[in-house]
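The analysis underlying the following values was restricted to heavy atoms, covering all of them including side chains, and did not include hydrogens, waters or symmetry mates. This is a predicted model, so every value here is computed, not measured.
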Amino acid sequence: MADQPKATERRSRTPLPRDEKEGGGQRSWRTPRMRFLLIVFALLALNYVSVAMLAPGREEPVRVPYSPTFLQQVRDGNV
């Protein structure tokens, strides 16, 4: 009965080692960190696809005509 701790003894909080066949040594997507990264990646991909689908097309630049007087002042360095 040495395995049974006395009522006044404290038990160790160290978890017991897992068996190899239970996947104790392998990292999987089920860990909170991997799940968080997977969710962030999925949201970024969804954002990229939605912007690509819903964004307006490329617009042609507008050409603004300047008066000949303004262009001459620019060439003379007065502007």
Side-chain angles (χ1 to χ4, degrees):
M1 288 203 194
D3 293 344
Q4 295 291 333
K6 295 180 182 178
T8 58
E9 289 183 22
R10 291 185 63 173
R11 289 184 146 187
S12 173
R13 291 188 180 191
T14 305
L16 297 174
R18 294 183 177 184
D19 292 337
E20 299 253 340
K21 57 187 172 185
E22 289 182 17
Q26 298 176 351
R27 289 191 150 206
S28 68
W29 63 272
R30 293 184 182 124
T31 62
R33 183 176 182 182
M34 291 302 290
R35 189 177 305 148
F36 174 75
L37 291 175
L38 183 66
I39 290 171
V40 167
F41 179 73
L43 289 175
L44 286 173
L46 181 66
N47 182 41
Y48 178 79
V49 169
S50 65
V51 167
M53 299 287 285
L54 301 175
R58 191 162 246 228
E59 296 180 15
E60 294 294 321
V62 177
R63 179 107 171 119
V64 178
Y66 294 107
S67 66
T69 306
F70 175 75
L71 293 175
Q72 185 60 40
Q73 293 297 323
V74 169
R75 285 187 206 108
D76 294 341
N78 296 329
V79 178

Legend entry - Under the side chain to side chain contact (heavy atoms under 4.5 Å, CB included) test, residues paired with L44 that sit two or more places apart: V40
Legend entry - Partner residues of S50 under the side chain to side chain contact (heavy atoms under 4.5 Å, CB included) criterion, sequence neighbours left out: N47
Legend entry - R75 side, atom CZ; F70 side, atom CZ - distance, nearest 0.5 Å: 10.5 Å
Inset, instruction - Would you give the length of the straight line joining atom CG of D76 to atom CD of Q73, rounded to the nearest 0.5 angstrom? - result: 6.0 Å
Inset, instruction - May I ask whether V74 and Y66 are part of the same hydrophobic cluster, defined by side-chain heavy atoms of I, L, V, M, F, W, Y residues being less than 4.5 angstrom apart, directly or through others? - result: yes
Legend entry - Separation between CG of L37 and OG1 of T31, rounded to the nearest 0.5 Å: 8.5 Å
